[in-house]
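The structure under discussion appears below in the form of structure tokens.
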2 protein chains.
Amino acid sequence: MLNGGHWVSPSALEAVNAAIKKTGYRVNPHARNLATNRANSVAFLLTETHDRLFEDPNFAVLVRGAADALAVHDIPLVLILAGTDDEQRRATEFLTSGHVDGVLLVSSHATRKGIISNIISAGIPAISCGIPLGFEKKMGYVAADDYEGAQDVLRYLQDAGRQRIATITGPQDTSGGIRRLEAYRDHQGAELDEALIVHGDYSKESGAKGMRELLNRAPGIDAVFAANDLMALGAMEVLHEAGRRTPEDVAVVGFDDISASSAATPALTTVRQPFERISEEMVRLLLDVIAGKRPAAITIPTELVVRESA
Amino acid sequence: MLNGGHWVSPSALEAVNAAIKKTGYRVNPHARNLATNRANSVAFLLTETHDRLFEDPNFAVLVRGAADALAVHDIPLVLILAGTDDEQRRATEFLTSGHVDGVLLVSSHATRKGIISNIISAGIPAISCGIPLGFEKKMGYVAADDYEGAQDVLRYLQDAGRQRIATITGPQDTSGGIRRLEAYRDHQGAELDEALIVHGDYSKESGAKGMRELLNRAPGIDAVFAANDLMALGAMEVLHEAGRRTPEDVAVVGFDDISASSAATPALTTVRQPFERISEEMVRLLLDVIAGKRPAAITIPTELVVRESA
DNA sequence: CTGAAAGCGCTTACAG
DNA sequence: CTGAAAGCGCTTACAG
């Protein structure tokens, strides 16, 4: 009856509820977990080095969104930070021991393959944030439409009359980094100039470094598409120091729409990734998989946010 | 024997380990938890509204430090975000149901009294980050030495020849906000001028707003002590817009040493709170309390970091 | 439909 | 020291 059950007389129900309240009865979660063989919790696995955890505000947004979406179902979020190999070993051990019913996987550099394949072969329900490179068919995921988002940027820059558009890429072992560069290559088409492509790692410093490199290689550029906001912000600083005006001399566009971007001077034009939506969908898909459904993949459109920098 | 036990012949031990490895045996955590009546996990409770969670990088540092310190003991971190009253009700329910062995309490505005007293009366081991106002004697905590840290700032400004020092306070229902203002009042002594005190809520915007107010009230000030870096950064922007140079016309000092502070122009002079150390000590104290020891309180010294803004 | 019993997989006190 | 048994507090299949 405690579990809902069927019809019970109102007075009986009331009496039971009163008794529950009076005695302060609580189900013992461990006993329940043992009997049902469920953990009633979900892991949020961040396979990311610690510095990025601090630097990139997106993680906080994702964590919060996931925790909120799970709270509705009374499912606690177990946070697992596993940046190093050793931490990933521990994490694998933990995840495959029945401590949680499933895992939300965030920031899956392809170099983290070990832990992903362990999760899959252990049969733990899991949903990835972004495409789980190499496991697209074996694990559900929800990803922003990186390709379309990047194309939007490039079309916008072109329509604004920009002639020589350079790009600072993201890491090439992440789906976002790869897809945004693909879009750039496709857009440039026959006019593609490899000298206008410089590689970054999503950190602000790498954006600054990339911008210096570009200024050396191709002083004539009039636009830069950085694969994320942090790098775009770093690039803008370098341009400023070099005496180039943004957007007059060089337009700058980022990707992510972190809060620092609207506060920057000039405010950064960027592509908004709907992270609240992403984490919400991740939770939904994960609960589906836990409930026995087959894993699904969702791609969510992005939105171009035009501000001052381009 | 699986639990260490006493002397076993090396060959027997080896045989058992081999068997364990071969069959892939794992203890069932739920069965263990039921038998031992322990959850083997700890909650990280953030009673903070969501916007601050994103804006203030200190939370990420604390979460990471706590997760790392707990990982050493193989104890997972259950993240609980409870900004609203409703969320705090759920959190209380959860915490008092045996899901976790203890809780790390972060950002305890005094307005969050309800949840704190529930935790205490339920007898759940807990350690607070910062002084748990109103419960100092009933709950262990680890806090930075806010008073000394603020005094350091004020002495430094005075020694630098600053004559009219204003302050932008933190929220007056947090121990940090209160103690840093106390230090200010005590330092000003007989020369205390209430017009030089303006209240903020630790957000960047409130710092900007406070600065405008100060500029109106007391145009002659030559230094501002903001109770945290975010507000100091907001204040610096307003000074810049108002055509006042930092530090030449008005010196600015913050508190926290977040990463944005060293990157700012001019780089912000501030007080470093050793958050890695704080989270580490919190975990240590909490595990002690869980093990049955009496709760302790630790105050950790801060460090003045002199950069360009003062 | 109801209620007593078995079973979940550990730990631990206890008999041998 | 060792090994079998009881017990942790639930859920659920099953007999009544």
Side-chain angles (χ1 to χ4, degrees), chain A residues 1-43 70 73-76 78 90 92-102 122-125 287 289-292, chain B residues 1-43 70 73-76 78 90 92-102 122-125 287 289-292:
Chain A
M1 186 165 66
L2 285 174
N3 303 310
H6 296 285
W7 194 87
V8 192
S9 80
S11 63
L13 187 63
E14 203 176 309
V16 171
N17 284 338
I20 288 177
K21 200 162 189 179
K22 192 171 164 197
T23 56
Y25 173 81
R26 298 277 172 78
V27 295
N28 178 317
H30 309 308
R32 170 175 286 176
N33 292 344
L34 178 59
T36 56
N37 198 28
R38 291 276 244 97
N40 273 310
S41 67
V42 156
L70 286 166
H73 301 271
D74 263 307
I75 299 177
V78 178
R90 298 180 94 104
T92 304
E93 177 76 11
F94 178 81
L95 295 172
T96 55
S97 291
H99 283 93
V100 294
D101 295 326
I124 316 284
L287 295 182
V289 176
I290 291 172
Chain B
M1 186 164 68
L2 285 175
N3 304 309
H6 295 286
W7 194 86
V8 192
S9 80
S11 62
L13 187 64
E14 204 175 309
V16 171
N17 283 339
I20 289 177
K21 201 162 190 178
K22 193 170 163 196
T23 56
Y25 172 81
R26 297 278 171 79
V27 294
N28 179 317
H30 310 309
R32 170 175 284 174
N33 291 345
L34 177 58
T36 57
N37 197 28
R38 291 276 244 95
N40 272 310
S41 68
V42 156
L70 286 167
H73 300 271
D74 263 307
I75 300 177
V78 178
R90 298 180 94 104
T92 305
E93 177 77 12
F94 178 80
L95 295 173
T96 55
S97 292
H99 283 94
V100 294
D101 296 324
I124 316 282
L287 295 183
V289 175
I290 291 173

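Values in this document were obtained by computation on a predicted structure and should not be read as measured data. Residue numbers begin at 1 in each chain, while the letters A, B, ... track the order of the sequences.
- Evaluation of the side chain to side chain donor-acceptor pair (under 3.5 Å) rule for B:Thr36 yields no partner, not counting sequence neighbours.
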Tabulate protein N/O versus nucleotide N/O from nucleotides 3-8 of chain C, keeping only pairs under 3.5 Å, one per line.
none

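- Every residue two or more places apart in sequence or in another chain was checked for a side chain to side chain donor-acceptor pair (under 3.5 Å) with A:Asn28, and none qualifies.
- When the C1' atom of C:dC10 is taken as reference, atom CZ of B:Arg26 falls 16 Å away, rounded to whole Å.
- The backbone N or O of B:His30 lies less than 3.5 Å from no partner atom in the side chain of A:Asn33, so there is not a single donor-acceptor pair.
- Taking B:Thr92 as the reference, B:Thr96, B:Ile115, B:Asn118 meet the side chain to side chain contact (heavy atoms under 4.5 Å, CB included) condition, with sequence neighbours excluded.
- The nearest whole Å value for the distance from the NE2 atom in B:His30 to the P atom in D:dT11 is 14 Å.
- Nucleotide D:dC10 holds its P atom 21 Å from the CZ atom of B:Arg32, rounded to whole Å.
- Between the B:Ser41 side chain and the B:His99 main chain, a donor and an acceptor come within less than 3.5 Å of each other.
- The CG-C1' distance, from A:Asn37 to D:dA13, rounds to 17 Å in whole Å.
- A straight line from CG of B:Asn33 to P of D:dC10 spans 14 Å, rounded to a whole angstrom.
- D:dC14 sits 22 Å from C:dG9 when the C1' atoms are compared, rounded to a whole Å.
- Paired runs in DNA chain C that reach 3 or more consecutive Watson-Crick or G-U pairs, where each pair keeps both distances under 3.5 Å, cover C:1-3 with D:14-16, C:5-12 with D:5-12, C:14-16 with D:1-3.
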Run the side-chain contact (heavy atoms from CB on, under 4.5 Å) check on A:Ile290 and A:Val42 step by step: do they pass? CA-CA 10 Å; A:Ile290 291 172; A:Val42 156; 4.1 Å; yes
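- Every side chain to side chain contact (heavy atoms under 4.5 Å, CB included) that A:Val289 has, sequence neighbours left out, goes to A:Pro125, A:Ile127, A:Pro295.
- The distance from atom CG of A:Leu34 to atom CZ of B:Arg32, rounded to the nearest 0.5 Å, is 13.0 Å.
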